[in-house]
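Here's the structure, in structure tokens; my notes come after.
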Amino acid sequence: MTAVANDARTAGSPGCDWKMTVFELAIFMCVFRAGRAPRLEEICHVIGEWFECAVDPSSAAAPIEHMLANRWVAEESHCFRATEEGRSAARPLMNGLIRLLDQGTRLIDVALMMSVLRLSKGELDHGLRNL
């Protein structure tokens with residue numbers, strides 16, 4: 001990619017916050033998409049289903065502390081809610097996942113996954129959840 005093309009692509013756009021891990025992105029999306037602010041145990045149950053493994057609350061404690069310190073989530077009465085800072089950090093990562101998976105493959109499973117990812121990205125872009 002030429003420097004001119006690269007400058008045109010990034011001109012006026014904020015830099016990516018690479019401090020959010022995949023696990024933290026999953027936690028954020030769980031909290032962001034929840035109908036009500038979830039407790040730690042609920043978050044672990046949901047992301048355990050997504051990753052098809054047990055997620056112990058003690059293994060999620062440090063990532064959530066990191067997310068609290070970065071103001072990606074806020075704690076209220078032992079429950080967590082998504083913040084605008086978290087949405088801003090998650091949005092470019094979700095976009096990167098979509099582009100990573102969209103390699104021109106036209107498989108039905110990929111198309112379904114892309115629809116779900118685009119739905120999540122649209123929610124992050126437009127702030128459909130009340131933060």
Side-chain angles (χ1 to χ4, degrees):
M1 179 180 297
T2 68
V4 173
N6 190 33
D7 289 342
R9 188 185 67 198
T10 59
S13 63
C16 292
D17 186 352
W18 301 115
K19 293 184 284 185
M20 185 180 277
T21 67
V22 171
F23 190 55
E24 290 167 344
L25 178 62
I27 291 170
F28 181 80
M29 290 307 300
C30 175
V31 171
F32 182 78
R33 300 195 79 216
R36 60 174 177 71
R39 298 178 65 86
L40 176 60
E41 295 78 13
E42 296 169 304
I43 294 167
C44 291
H45 176 75
V46 170
I47 60 177
E49 287 181 358
W50 291 350
F51 289 108
E52 297 181 341
C53 65
V55 177
D56 187 75
S58 63
S59 66
I64 287 179
E65 287 298 322
H66 183 245
M67 296 174 75
L68 286 165
N70 282 291
R71 295 182 297 211
W72 296 334
V73 295
E75 187 174 13
E76 297 173 349
S77 302
H78 303 289
C79 295
F80 299 92
R81 67 171 178 79
T83 64
E84 186 61 34
E85 291 90 343
R87 194 170 72 100
S88 294
R91 192 168 46 243
L93 299 175
M94 184 62 70
N95 190 53
L97 285 174
I98 291 168
R99 292 184 183 277
L100 174 75
L101 294 172
D102 188 12
Q103 298 292 316
T105 306
R106 300 290 182 214
L107 300 174
I108 292 173
D109 291 343
V110 172
L112 178 60
M113 183 184 301
M114 294 302 298
S115 294
V116 170
L117 286 170
R118 283 195 176 106
L119 171 69
S120 296
K121 181 182 178 304
E123 290 174 347
L124 290 172
D125 285 347
H126 304 293
L128 297 180
R129 298 286 181 197
N130 185 10
L131 301 175

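- The heavy-atom pair separating I47 from A26 by the smallest distance is CG2-O, 3.7 Å.
- When all heavy atoms are compared, the tightest approach of F23 to S59 is CE2-O, 3.9 Å.
- The side chain to side chain contact (heavy atoms under 4.5 Å, CB included) test with M67 is passed by exactly one of K19, E85, E24, E75: E24.
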Margin query: Evaluate E49 against H45 for side-chain hydrogen bond (donor to acceptor under 3.5 Å, both in side chains), listing each step before the verdict.
Written below: CA-CA 6 Å; E49 287 181 358; H45 176 75; 2.8 Å; yes
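- When each of R33, R91, R87, R118 is paired with E123, the side chain to side chain donor-acceptor pair (under 3.5 Å) condition holds for R33 and for no other.
- Under a 3.5 Å cut-off, the side chain of T83 and the backbone N or O of A74 do not form any donor-acceptor pair.
- Put simply, the side chain of N70 never gets that close to the backbone of W72: no donor and acceptor are under 3.5 Å apart.
- Rounding to the nearest 0.5 Å places CG of D125 at 7.5 Å from CG of N95.
- Nearest heavy atoms, S88 versus P92: O-CD, 3.1 Å.
- To the nearest 0.5 Å, atom CZ of residue F32 and atom CG of residue L25 are 11.5 Å apart.
- Closest non-hydrogen pair, E41 versus P57, comes out as CG-CG, 4.4 Å.
- At a threshold of 4.5 Å between non-hydrogen side-chain atoms, the residues P38 and V31 count as touching.
- The two residues C79 and R39 make their nearest non-hydrogen contact at SG-CG, 3.5 Å.
- The shortest distance between side-chain heavy atoms of L40 and H78 does not fall below 4.5 Å.
- F28 has its side chain out of reach of L93: every pair of non-hydrogen atoms, C-beta onward, lies at least 4.5 Å apart.
- Here the CD1-CZ distance, from I43 to F80, works out to 5.5 Å after rounding to the nearest 0.5 Å.
- In terms of heavy atoms, G86 sits closest to M20 at O-CE, 4.1 Å.
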